[in-house]
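Report on one structure; see the data block that follows.
Starting from 1, each residue takes its place in the sequence as its number. When a ligand or atom number is given, it counts from 1 through the structure's own listing order.
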Amino acid sequence: MGRALITGGAGFLGSHLCELFLERGHEVICIDNFITGNPANVQHLVGREGFSFVKYDVTNYIHIDGDLDYVLHFASPASPIDYLEKPIQTLKVGSLGTHKTLGVAKDKGARYLIASTSEVYGDPLVHPQKEDYWGNVNPVGPRGVYDEAKRFAEAMTMAYHRFHGVETRIVRIFNTYGPRMRIKDGRVVPAFISQALRNEPMTVFGDGSQTRSFCFVTDLIEGIYRLLMSDDPNPTNIGNPNEMTVLQFAEEIKRLTGSNAPIEFRPLPEDDPKIRRPDITKARALLKWEPVVPLEEGLQKTIDYFRRVL
Ligand code: UDP
């Protein structure tokens with residue numbers, strides 16, 4: 001079925017990708033340096049036939065023995081708190097890491113997929129966001145290190161496609177949740193669920209009127225797999241168009257956990273996008289894909305996971 005290199009394979013999305021690739025009969029080489037990844041996320045895969053793990057920083061030259069059919073670059077810090085704490089690593093993995101992984105794909109004649117993000121749209125002035133929107137990004141704000149690294153990564157990927165003829169795919173990933181998110185990564189899903197389970201104040205930033213659209217991880221991973229197997233090199237949004245305010249989201253988590261936690265309002269972080277919802281018209285037509293897991297079901301699975309690890 002082909003051999004895949006997955007960077008960031010011990011992270012939240014990376015580990016679910018490794019699982020899906022193994023299930024579908026691929027060999028998987030998983031690379032991670034554990035800056036934000038966690039060995040526990042792939043512990044159950046170690047020793048399984050077709051799976052190998054390499055601890056490595058992909059901003060350095062990468063050497064892989066043997067053939068490769070697919071390269072998926074998922075290594076990156078991915079939460080606003082991570083970008084604040086690791087701004088240089090965030091920039092390096094999105095720029096140098098993308099360059100190095102593209103180099104591997106070119107050398108091996110492998111198909112390449114870059115994990116891009118809805119953050120390329122910044123604080124969007126167009127709603128919902130379609131792939132042809134160029135975005136509204138502050139390059140020098142606190143999120144600029146992530147947003148600009150991913151915008152550079154997209155440009156680099158298109159350059160390798162146009163100039164070197166590498167077969168490439170770009171997925172723009174919108175807010176995703178599920179088991180194996182880091183409890184303390186500062187993102188809204190682990191924050192609200194862990195606060196609700198501990199009956200601690202649920203920290204809503206701003207007045208909670210900003211919106212997000214949350215996709216369950218299995219839906220996202222299926223969309224990414226189909227995109228990889230498609231033939232379109234241009235960016236494709238993958239996410240769930242079910243949009244809600246952050247305050248509604250807090251109340252939903254409170255209800256599902258049966259928590260008595262109070263809701264407390266905190267200052268809105270700088271450049272926090274006010275609205276976000278993917279337009280998935282393209283993914284529906286090109287990939288015959290759309291999310292199928294209802295929010296309540298996905299949240300229950302995520303809450304069960306956090307109950308186990310808290
Ligand atoms: N947020 C919040 N409380 C938290 C963490 C996040 O109200 O404890 C808000 C945040 O301001 C943003 C939304 O939830 O508007 C989603 O934040 P997250 O960090 O998950 O990712 P983003 O979508 O901003 O990249």
Checklist entry - Do H26 and Y70 have a side chain donor and acceptor closer than 3.5 Å? => result no
Next on the checklist: Enumerate the salt bridge (charged side-chain N to carboxylate O under 4.0 Å, His left out) contacts for residues 35-51, please, sequence neighbours excluded, ordered by first and then second residue.
Outcome noted: none
Item to check | Pocket residues of ligand 1, ordered first by chain and then by residue number (heavy-atom cut-off under 4.0 Å) | outcome: P80, E119, R143, N175, G186, R187, V188, A191, F192, T203, V204, F205, Q210, R212, V246, P269, D272, R276
Checklist entry - Between the side chains of T211 and E243, does any donor sit under 3.5 Å from an acceptor? => result yes
Item to check | Pairs meeting criterion salt bridge (charged side-chain N to carboxylate O under 4.0 Å, His left out) with involvement of residues 293-310, two or more places apart | outcome: R255-E296, E297-K301
Item to check | Over all atoms of both residues, closest heavy-atom pair of P241 and R277 | outcome: O-CD, 2.8 Å
Checklist entry - Under the side-chain hydrogen bond (donor to acceptor under 3.5 Å, both in side chains) test, which residues partner D69, sequence neighbours left out? => result none
